**Q** 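Take a look at this one; I'll ask things after.
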Amino acid sequence: MDGTPPPPEATPPPPPPVTSGSPTEFLKNVVGKRVVVRLTSGVDYLGMFFSRLRVLSCLDGYMNIALEQTEEHVNGTVTNRYGDAFIRGNNVLYISAAEPL
């Protein structure tokens, strides 16, 4: 133990209100920005939308998601931190911007 306190735990924001625009527009706008990915299990992943997402979504059609600097949140508590994470699209409930677009 080095005596430094652990970093404050961040609670993921709720999904933003529905706005006009296509899902494709939204995904283009969040590449390189922090996002919240909520899984059907209720687990949240906060991370940076990986720039190769456009390639992945075009190749497989399953909306698989690649994130960088990823944190896993369970019941509002950070449970793990990952460098990169790959999330299968069939497990995703929603994707939300974690910062203004």
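Note that the structure is predicted; figures quoted are calculated from it, not measured.
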**Q** List the atom of Glu25, the atom of Gly21, and the distance in Å for their closest heavy-atom pair.
**A** OE2-CA, 4.3 Å
**Q** Looking at every non-hydrogen atom in both residues, tell me the closest pair between Val35 and Val30 and how far apart they are.
**A** CG1-CB, 3.8 Å
**Q** Please check if the number of heavy atoms outside Asn75 that lie under 6.0 Å from its CG is greater than 12.
**A**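 Open.
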**Q** Between Arg34 and Met48, which heavy-atom pair has the shortest distance, and what is it?
**A** N-SD, 3.7 Å
**Q** Walk me through whether Leu39 and Leu93 qualify under side-chain contact (heavy atoms from CB on, under 4.5 Å).
**A** CA-CA 5 Å; Leu39 302 187; Leu93 184 61; over 6 Å; no
**Q** Calculate, to the nearest 0.5 Å, the distance between atoms CG and OH belonging to Asn80 and Tyr45 respectively.
**A**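 So the gap between those two atoms works out to 7.5 Å.
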**Q** Is there a side-chain contact (heavy atoms from CB on, under 4.5 Å) between Phe49 and Lys33? Walk through the geometry before answering.
**A** CA-CA 6 Å; Phe49 226 18; Lys33 295 193 166 74; 5.9 Å; no
**Q** Does Asp44 reach the side chain of Val37, with side-chain heavy atoms less than 4.5 Å apart?
**A** no
**Q** Just by distance, do the side chain of Asn64 and the backbone of Gly89 share a donor-acceptor pair under 3.5 Å?
**A**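 Indeed, once roles are kept as given, a pair shorter than 3.5 Å links the two residues.
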**Q** Evaluate the criterion side-chain contact (heavy atoms from CB on, under 4.5 Å) for residue pair Leu67 and Phe86; output intermediate values, then yes/no.
**A** CA-CA 6 Å; Leu67 296 174; Phe86 185 79; over 6 Å; no
**Q** What's the spacing between Glu72 CD and Ile87 CD1 if we round to 0.5 Å?
**A**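 CD1 of Ile87 is found 9.0 Å from CD of Glu72.
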**Q** Between Thr70 and Asp84, is there a donor-acceptor pair closer than 3.5 Å when you use the side chain of the first and the backbone of the second?
**A**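 Pair absent, no side-chain N/O of Thr70 close to backbone of Asp84.
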**Q** What's the shortest heavy-atom distance between Ala98 and Val36, and which atoms?
**A**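 The answer is CB-CG2, 4.0 Å.
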**Q** Minimum heavy-atom separation for His73 to Leu46, with atom names?
**A** CD2-CD1, 3.4 Å
